Amino acid sequence: MIDTAEQNKEEIDKLFAEIKNSTLYKDYISAKKQLEENSEIMDIIKEIKRLQKIATNNNDNIIEKDIKNLYMKLEEYPLYQSYCILKEELENKLFNISNSFSNYFSDILKFD
């Protein structure tokens, strides 16, 4: 007989396997890989990150405007748009799973 902890681990492993085998996750990974292989998009992302580091240390409106313009340029790429949509959908799915776990544990620990 398998103990409860082992059963729970198996169920969690099964859940993660289902997520990793889902079309949504596979599409997200594919879009992410394509994004990482696109040098134009990656150059824009690197420049945004560089400017964000600078902006963190000072309150420069010109840098903030440059960052905003780079984000607008990034949004022009359908690949980036697809990646963002897939990422948001996956994050929502994972958030819902996390909430389910949280509610489950709260119910277990509830003091009547």
Side-chain angles (χ1 to χ4, degrees):
M1 182 172 182
I2 300 175
D3 69 356
T4 305
E6 185 63 28
Q7 282 179 318
N8 290 341
K9 182 182 179 320
E10 287 177 10
E11 290 296 319
I12 291 170
D13 289 344
K14 182 179 174 184
L15 175 63
F16 285 124
E18 287 175 15
I19 292 169
K20 286 184 176 182
N21 289 322
S22 71
T23 302
L24 175 59
Y25 182 78
K26 289 178 181 179
D27 289 348
Y28 165 77
I29 295 299
S30 175
K32 182 179 177 186
K33 184 177 179 183
Q34 290 175 40
L35 199 67
E36 291 169 343
E37 292 173 352
N38 186 308
S39 60
E40 287 179 46
I41 293 174
M42 291 309 296
D43 287 346
I44 295 170
I45 292 171
K46 286 176 188 173
E47 182 63 9
I48 289 171
K49 288 180 180 182
R50 186 185 73 80
L51 291 175
Q52 285 174 331
K53 286 180 185 177
I54 294 170
T56 300
N57 296 326
N58 56 37
N59 197 8
D60 188 340
N61 290 333
I62 295 172
I63 292 176
E64 295 294 332
K65 185 177 178 182
D66 289 345
I67 292 170
K68 184 178 178 181
N69 288 337
L70 285 169
Y71 270 115
M72 289 171 49
K73 185 175 181 181
L74 203 52
E75 290 289 334
E76 294 174 3
Y77 290 88
L79 176 59
Y80 182 77
Q81 292 174 1
S82 295
Y83 166 78
C84 289
I85 291 168
L86 290 166
K87 182 180 178 191
E88 183 176 348
E89 288 178 17
L90 185 59
E91 285 173 345
N92 287 338
K93 182 174 185 168
L94 295 174
F95 179 77
N96 289 335
I97 291 169
S98 175
N99 276 346
S100 295
F101 276 116
S102 180
N103 292 338
Y104 175 77
F105 293 131
S106 291
D107 287 344
I108 288 174
L109 300 173
K110 191 180 289 182
F111 184 71
D112 293 325

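None of these values were measured; they are calculated from a predicted model.
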Flag side-chain contact, heavy atom, 4.5 Å: Ser82 against Gln34 = no
Look at the side-chain heavy atoms of Ile, Leu, Val, Met, Phe, Trp and Tyr, link any pair under 4.5 Å apart, and say whether Leu90 and Leu79 land in one connected group.
-> yes
Show the numbers, then the answer: is there a side-chain contact (heavy atoms from CB on, under 4.5 Å) between Thr23 and Lys26?
-> CA-CA 5 Å; Thr23 302; Lys26 289 178 181 179; 5.8 Å; no
Which value, rounded to the nearest 0.5 Å, describes the distance between Phe95 atom CZ and Ser102 atom OG?
-> 9.0 Å
Sequence neighbours excluded, every pair satisfying ring pair (Phe, Tyr, Trp, His ring centres under 6.0 Å) that has a member inside residues 18-41 | Tyr28-Tyr83
Between NZ of Lys65 and CG of Asp60, what distance do you get to the nearest 0.5 Å?
-> 12.0 Å
What closest approach, in Å, do Ile48 and Leu74 show between heavy atoms, and which atom pair accounts for it?
-> CD1-CD2, 3.9 Å
Kindly compute the distance separating CD (Glu6) from CG (Asp13), expressed to the nearest 0.5 Å.
-> 8.5 Å
Reported NZ-to-CD1 distance for the pair Lys20 and Ile29, which is rounded to 0.5 angstrom = 9.0 Å
Mind running side-chain contact (heavy atoms from CB on, under 4.5 Å) on Ile44 and Tyr80 for me, showing each step along the way?
-> CA-CA 11 Å; Ile44 295 170; Tyr80 182 77; over 6 Å; no
Begin from the C-alpha positions of Ile19 and Leu94 and carry the test side-chain contact (heavy atoms from CB on, under 4.5 Å) through to its verdict.
-> CA-CA 9 Å; Ile19 292 169; Leu94 295 174; 3.9 Å; yes
Spatial distance of atom CD1 (Ile41) from atom NZ (Lys73) [nearest 0.5 Å] | 11.0 Å
Pair Ile12-Phe101, side-chain contact (heavy atoms from CB on, under 4.5 Å): steps then yes or no = CA-CA 10 Å; Ile12 291 170; Phe101 276 116; 4.3 Å; yes
Hey, could you give me the CG/CZ distance between Asn103 and Phe105, rounded to the nearest 0.5 Å?
-> 11.0 Å
How close do Ile67 and Ala55 get, heavy atom to heavy atom, and via which atoms?
-> CD1-CB, 4.2 Å
pair Asp43-Glu40: side-chain heavy atoms closer than 4.5 Å = no
Closest non-hydrogen contact found for Ile63 with Leu51 is CG2-O, 3.6 Å
Please examine the side chains of Lys87 and Glu91, heavy atoms only from C-beta on, and report whether any two atoms are closer than 4.5 Å.
-> yes
Residues Arg50, Glu47; criterion salt bridge (Lys or Arg N to Asp or Glu O under 4.0 Å); working and verdict = CA-CA 5 Å; Arg50 186 185 73 80; Glu47 182 63 9; 2.8 Å; yes
Does CD in Glu36 sit with more than 12 non-hydrogen atoms of other residues, nucleotides or ligands closer than 6.0 Å?
-> yes
